[in-house]
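For ligands, and for the atoms within them, numbers begin at 1 and follow the listed sequence.
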Amino acid sequence: MDNDDVFYRELPKVELHAHLNGSVSFQTIEKLISRKPHLNIEHSMTAIGKGQRRTLDECFEVFKVIHKLVDTEEDILMVATDVIREFAADGVKYLELRSTPREEKDTGLTKKNYIETVIKAIQQCKNEGVDIDVRFLVAIDRRNGTEVAMETVKLAEEFMLSSDGLVLGLDLSGDPTVGHGKYLLPALQRAKNCGLKLSLHLSEVPSQLEETDLLLNLPPDRIGHGTFLHPEVGGSQSLVDKVVKNNIPLELCLTSNVKGQTVPCYSKHHFNYWYQLGHPSVICTDDKGVFCTDLSQEYQLAASTFGLSHKAVWKLSQQAIDCIFAPDDVKQQLKQKWKDLHLQVFK
Ligand SMILES: CC(C)=CCNc1ncnc2c1ncn2[C@@H]1O[C@H](COP(=O)(O)O)[C@@H](O)[C@H]1O
Ligand SMILES: [Zn+2]
């Protein structure tokens, strides 16, 4: 590692947009494959390597393969503890992990077990003293429609009340070309009313203007991607105005968007648009396993592409603290941590 690599690794970081099953590392995939050799899955089917690009459809096929490998409580526990330890090793001090609770008839896995197991993994890492504060967002896969969305919200509500602050909110994700947000509005509204925080994938593809406009009225607490919000890429000034007026932070995932081809290259990433506006934008990984990246690398890419100094990068990671869903006392603790680490990082 050269000095620059060391800076990014040591930089304390906040990760707010990480899908559990998209974050599974090469090493963990190998362990899963050896548990299930009969599936004949090769590692090339679960990750998109350096320089490779895929269509969105192909990317979503990858998740199906990973879901086959991760279908028992035991798998989820291993995957979640590994992912948490890896983020910690990468210098992430606060992580909001998101995942879609799945029922697997063959193994007896229920959605409730699924969430319980992720919580168990978080607690296990805490007990081991892993230096990271982890929270959980329950995800709705948009393809599953109204009823499943409502059922998911009710589950998330239960866990919000019983998980000692570990379950904080809800994510809306899944293939953006499938389904329409209008059918999910009642569930999202209910979630909001009961105090669950909302992070919604919005405008990930160009055809979602109407849906985005509708869902922005909630308003969500954070936006995932927002790739096609601004007028220069076919969005509109009124969408931008809504985001700015409500001060809704964006979660931006450079490599994910480039490899998924919703953004043509790093230098055309919408990070620049929002950064120039001074709008709260948080660099995230999305799916560090699938896209073969980590958060240090994403910060480094943003900095080298858009000419950010180390000081500016520090400010960016520090400002992410204000965008977390955990309460104010956690924000204060993190800000203290950043202060304590400043000297070490800028030695
Ligand atoms: C295809 C592509 C470029 C991916 C990046 N953009 C994404 N957009 C929408 N939903 C996503 C994305 N990445 C992961 N997800 C969601 O996260 C799931 C995998 O994590 P999990 O099983 O929820 O733990 C996927 O099935 C999908 O529902
Ligand atoms: Zn995502």
Side-chain angles (χ1 to χ4, degrees), residues 15-25 28-29 32 46-48 52-72 75-80 82-84 95-104 109 111 114-115 117-118 121-122 136-145 148-149 152 155-156 170-179 181 184 198-205 208 211 220 222-228 250-264 269 282-293 295 298:
E15 168 65 84
L16 299 182
H17 190 132
H19 300 270
L20 178 62
N21 285 296
S23 301
V24 188
S25 64
T28 308
I29 291 283
L32 290 164
T46 67
I48 303 165
Q52 292 182 352
R53 308 258 192 286
R54 297 284 159 87
T55 64
L56 271 192
D57 275 355
E58 288 166 342
C59 291
F60 282 101
E61 285 303 312
V62 173
F63 296 119
K64 286 191 194 148
V65 176
I66 299 173
H67 285 159
K68 280 193 200 156
L69 283 171
V70 183
D71 69 348
T72 67
D75 297 334
I76 295 162
L77 188 66
M78 177 175 80
V79 162
D82 282 3
V83 164
I84 292 169
L95 162 67
E96 284 174 18
L97 207 50
R98 56 186 77 193
S99 193
T100 326
R102 246 180 312 130
E103 180 181 79
E104 294 286 354
L109 181 72
K111 292 186 180 182
Y114 190 105
I115 302 178
T117 309
V118 176
I122 296 174
F136 186 49
L137 309 180
V138 181
I140 294 175
D141 185 336
R142 48 184 295 140
R143 78 159 56 237
N144 296 330
V148 173
T152 309
L155 255 183
L170 211 69
D171 153 72
L172 172 65
S173 53
D175 188 339
T177 62
V178 179
L184 309 171
L198 294 184
S199 168
L200 309 182
H201 284 63
L202 286 186
S203 280
E204 204 178 345
V205 291
Q208 292 180 293
E211 171 185 295
R222 287 198 314 253
I223 293 169
H225 303 297
T227 315
F228 295 92
L250 268 77
E251 305 153 354
L252 302 178
C253 315
L254 279 73
T255 298
S256 163
N257 297 155
V258 170
K259 288 194 173 176
Q261 301 188 83
T262 52
V263 166
H269 196 276
V282 184
I283 303 268
C284 301
T285 53
D286 209 9
D287 300 289
K288 73 174 181 62
V290 171
F291 297 117
C292 306
T293 188
L295 194 54
E298 293 301 300

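For atom 24 (O) of ligand 1, the nearest protein heavy atom (residue, atom name, distance) is Ser99 OG, 2.6 Å. The single protein non-hydrogen atom nearest to atom 23 (O) of ligand 1 is Thr100 OG1, 2.6 Å, given as residue, atom name and distance. Remark: minimum distance from atom 6 (N) of ligand 1 to any protein heavy atom is reached at Glu204 OE2, 2.8 Å. For atom 10 (N) of ligand 1, the nearest protein heavy atom (residue, atom name, distance) is Gly174 N, 2.9 Å. When hydrogens are left out, the protein atom nearest atom 1 (C) of ligand 1 is Cys59 CB, 2.8 Å; that is the closest non-hydrogen contact. In this structure, atom 4 (C) of ligand 1 lies nearest to the protein heavy atom Phe291 CZ, 3.8 Å. Of all protein heavy atoms, the one closest to atom 22 (O) of ligand 1 is His67 NE2, 2.7 Å.
In this structure a side-chain-to-backbone donor-acceptor pair under 3.5 Å is missing from Lys111 to Glu103.
For ligand 1, the atoms sitting less than 4.0 Å from at least one non-hydrogen atom of Leu20 are 24 (O), numbered in the order shown with element in parentheses. The His19 neighbourhood of ligand 1 comprises atoms 11 (C), 12 (C), 13 (N), 14 (C), 15 (N), 16 (C), 17 (O), 20 (O), with distances under 4.0 Å to a heavy atom of that residue. Within ligand 1, the atoms closer than 4.0 Å to a non-hydrogen atom of Phe63 are 13 (N), 14 (C), 19 (C), 25 (C), 26 (O), numbered from 1 in the order shown. For ligand 1, the atoms closer than 4.0 angstrom to any heavy atom of Asn21 are 20 (O), 21 (P), 22 (O), 24 (O). Residue-ligand proximity, Leu56 to ligand 1, at heavy-atom distances under 4.0 Å covers atoms 1 (C), 2 (C), 3 (C).
The shortest heavy-atom distance from Ala139 to ligand 1 is not under 4.0 Å.
Residue Thr262 does not touch ligand 1, judged by heavy-atom distances below 4.0 Å. Using a 4.0 Å cut-off between heavy atoms, Asp287 contacts ligand 1 through its side chain alone, with no backbone atom that close.
Residues Ser173 and Arg98 have side chains that never bring a donor and an acceptor to within less than 3.5 angstrom of each other. With no hydrogens or angles considered, a side-chain donor-acceptor pair links Glu298 and Thr255 at under 3.5 Å. Side chains of His201 and Asp171: a donor on one and an acceptor on the other come within 3.5 Å. The closest side-chain donor-acceptor pair between Glu15 and Thr285 falls under 3.5 angstrom.
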Q: Start with the C-alpha gap between Glu104 and Thr72, add the side-chain angles, then the distance that decides, and say whether side chain to side chain contact (heavy atoms under 4.5 Å, CB included) holds.
A: CA-CA 8 Å; Glu104 294 286 354; Thr72 67; over 6 Å; no
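Closest heavy-atom contact between Ile48 and Cys292: O-SG, 3.4 Å.
Within Asp286, the N/O/S atom positioned nearest the Zn ion (ligand 2) carries the name OD1.
Any N or O atom pair closer than 3.5 Å counts here, and Asp286 shares at least one such pair with ligand 1.
With the Zn ion (ligand 2) as the vertex, atom NE2 of His19 and atom NE2 of His201 span an angle of 100° (nearest 10 degrees).
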